[in-house]
Each structure stands twice: as structure tokens, then as C-alpha cells.
Student: 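Please see the structure below; I have some questions.
Throughout, numbering of the chain's residues begins at 1 and tracks the sequence. Below, each value reflects all heavy atoms present in this structure, side chains not excepted, and no hydrogens, waters or symmetry copies. Both counts, for ligands and for their atoms, begin at 1 and track the order of listing.
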Amino acid sequence: MTADASARRFPWPVVLFDLDGTLVDTASDIAASVNRLLVELGHPPVDEATVRSWIGDGAGQLVGQALRHAGDGRDVATVMPRFLEHYRDCLLLDPALYPGVERTLQALQADGVRMAVCTNKPVPFVAPLLDAMGITPYFEAVLGAGELPERKPDPAPLLHLADRFDVPIASCLMVGDSSADAGAAIAAGAPLVMVGYGYRRSFDLHGCGALAVIDRFEQLLELR
Ligand SMILES: O=C(O)COP(=O)(O)O
Ligand SMILES: [Mg+2]
């Protein structure tokens, strides 16, 4: 065996990670910002489990779900600026890396794997959150919602990152928690691993075309 062949153990040269529900548990902060908005609009707050089921398709969908739930006929666009202020204020209240994330990113980096974040979280919030979690140095590229006209489940963000890394999309493993991640990866032709601990809704993790469903982040390192 040559030195090169023995050096690389991880099967994919690039990994694209979803953020909310995959790397970082942000549900309580997102719930806090949704509830600040709802209360301000004169509605009762909702519980965190309900908000969790609304996360994954971007801020517009999240706020749309909250307004519908409250029976509020306002247009999402009219309340979005205020929601984004609450989101900014709540962003770092209580976010937490999922167990094993940092040491797994370290091991992948040591293995020569190149990594990016591909999230539907609005772009102004992505870098501050990664910084606060201390994981910024692991990522060569970060793509948040609003940087491209499309967002997951459209394949465009994944294809854009594959281009940035100058590798075929089939070499980029997507790791995510929601139907938006699965839809984007399948549409793009990227291999997909789903985490089982995230914010998925009524969505069949095992029937979505993923190579694997993992319950602990470190299980990524066991993929062969
Ligand atoms: O903000 C969202 O809707 C979810 O973001 P994600 O793509 O990192 O899960
Ligand atoms: Mg997610």
C-alpha cells in the first residue's frame, strides 16, 4: 500500500454540513426569537417542540408557519425585519454543539477532508454562531441563505460549493437533518448521510435515499 492510500481513510474528500439541527442545537434560541415576535404581535408563545418542527426551510418558512399557527393573516415580509432583530438578539442565548462535533471535525480535518457549511440560516447569523461555537477554523467555505437566489432543497447551494472546491458533486458528502437537506442532496447527486437527532418533521429518514442515518455525530468517522 502506498503512503497516500494509507493516509486517507475517509471516503469523501469534501463534506458539506447543514448547521441547525446537525452541528449546533439552536432550537431554544430560534424558539425564543419566534416567541418574542408572536408575543409582540399579540399572540401566545408556542413551545419549543412546535418551533423545532418548523426549522430547516429558512427564516421565511419559519415565520410563515408561526403566523399560520397563530391565525395571523399578516404577510411574512411585513414582520420579517422585526423577526430578524429578535433572531439577532437571541442567536447566542444558548446554542450548543451536538456531542462529538468538535472532535469529529478535528479528526476529519486531520484526515485531509475539506469541509463547508451549507445552511438555510440567514447569512448574517452564520459566522457569529460558528465563531461562538469555536468551529470556524474547520470550514473552508460557508454558504448561508440569501447568498444565492436558491436555498435547499434546491440543489444550487450544494452545486455552488462543489464548484468552489473544484470537485464533482459526487465527491461531496452532504450531512444534514431535514427534508431540505435530503432533497438538495438527492437533486444534486451528492451522497447523503442524515443525523437522527435533528429537527426533522414527519419525514422518513430511512427512506430518503441516505447512505446512512447516524444517531451520534462521531459515527461519521465509521463510514467506509
Ligand atoms: O434556518 C433554518 O431554517 C435551518 O437552517 P439549516 O439549513 O442549518 O438547518
Ligand atoms: Mg438543519
Side-chain angles (χ1 to χ4, degrees), residues 15-34 37 48-69 76 80 83-84 86-88 90-93 95-98 101 105 115-133 135-136 138-139 141-148 150-158 160-161 172-188 190 192-203 205 208 210 213-215 217 220:
V15 186
L16 311 178
F17 289 102
D18 171 62
L19 178 55
D20 293 320
T22 298
L23 295 173
V24 185
D25 188 357
T26 50
S28 68
D29 305 325
I30 293 176
S33 58
V34 167
L37 179 74
E48 187 181 311
T50 302
V51 177
R52 281 170 68 99
S53 74
W54 298 339
I55 301 172
D57 291 326
Q61 293 291 322
L62 174 72
V63 172
Q65 297 260 27
L67 291 177
R68 268 195 299 285
H69 180 90
V76 170
M80 190 50 87
F83 172 70
L84 293 175
H86 290 312
Y87 203 168
R88 180 201 61 210
C90 296
L91 184 71
L92 302 181
L93 287 178
L97 283 179
Y98 286 105
V101 165
L105 296 177
M115 295 179 277
V117 171
C118 183
T119 175
N120 279 348
K121 189 185 264 314
V123 66
F125 306 127
V126 180
L129 180 61
L130 295 175
D131 278 349
M133 297 293 95
I135 56 173
T136 301
Y138 296 107
F139 302 110
V142 172
L143 192 59
E147 285 183 81
L148 297 180
E150 306 87 356
R151 61 178 161 74
K152 302 176 291 182
D154 193 288
L158 280 60
H160 177 87
L161 285 165
C172 300
L173 178 68
M174 177 72 205
V175 180
D177 71 309
S178 75
S179 58
D181 302 313
I186 300 301
L192 168 71
V193 168
M194 297 296 285
V195 301
Y197 53 74
Y199 306 146
R200 72 182 191 279
R201 274 143 286 189
S202 43
F203 164 67
L205 276 179
C208 72
V213 179
I214 57 174
D215 293 321
F217 195 82
L220 267 184

Student: Hey, what do you get for CG (L19) to CD1 (I135), rounding to the nearest 0.5 Å?
Tutor: 7.0 Å
Student: Using atom types as modelled and distance alone, determine if a side-chain donor or acceptor of D177 lies under 3.5 Å from a backbone N or O of V195.
Tutor: no
Student: Could you tell me which atoms of ligand 1, counted from 1 in the order shown, lie closer than 4.0 angstrom to a heavy atom of D57?
Tutor: 3 (O)
Student: Angle between ring planes, Y98 versus Y197, binned at 30° and 60°: parallel, tilted or perpendicular?
Tutor: tilted
Student: Considering heavy atoms of the protein only, find what lies nearest to atom 3 (O) of ligand 1 and give residue, atom and distance to 0.1 Å.
Tutor: G58 N, 2.7 Å
Student: Against ligand 1, does G56 come closer than 4.0 Å with any heavy atom?
Tutor: yes
Student: When you measure from atom 4 (C) of ligand 1 to every protein heavy atom, which one gives the shortest distance, and what is it?
Tutor: D20 OD2, 3.4 Å
Student: Please say whether D181 places an N or O atom under 3.5 Å from an N or O atom belonging to ligand 1.
Tutor: no
Student: Does a side-chain heavy-atom distance below 4.5 Å link L129 with L92?
Tutor: yes
Student: If we ignore hydrogens and angles and just use 3.5 Å, is the side chain of E147 paired with the main-chain N or O of G144 as donor and acceptor?
Tutor: yes
Student: Between the Mg ion (ligand 2) and D181, is there an N, O or S atom separated by less than 2.8 Å?
Tutor: no
Student: For N/O/S atoms only: which one belongs to D20 and is nearest the Mg ion (ligand 2)?
Tutor: O
Student: Find, among atoms of D177 that are N, O or S, the one nearest to the Mg ion (ligand 2), and state its name.
Tutor: OD1
Student: Would you name the N/O/S atom of D18 that lies closest to the Mg ion (ligand 2)?
Tutor: OD2
Student: Between V126 and L143, is any pair of side-chain heavy atoms under 4.5 Å apart?
Tutor: no
Student: Which ligand 1 atoms are under 4.0 Å away from a heavy-atom of L19?
Tutor: 8 (O)
Student: Go through ligand 1 atom by atom and flag the ones less than 4.0 Å from a non-hydrogen atom of T119.
Tutor: 5 (O), 6 (P), 7 (O), 8 (O)
Student: Under a 4.0 angstrom heavy-atom cut-off, which atoms of ligand 1 come close to K152?
Tutor: 7 (O)
Student: For atom 6 (P) of ligand 1, find the nearest protein heavy atom and state the residue, atom name and distance (0.1 Å precision).
Tutor: D18 OD1, 2.8 Å
Student: Tell me if a side-chain donor or acceptor on T136 pairs with a main-chain N or O of D131 at a distance below 3.5 Å.
Tutor: yes
Student: Please confirm whether F217 and F17 have ring centers closer than 6.0 angstrom.
Tutor: yes
Student: Within the distance-only criterion (no hydrogens, no angle test), does the side chain of D20 pair as donor or acceptor with the backbone N or O of T26 below 3.5 angstrom?
Tutor: no
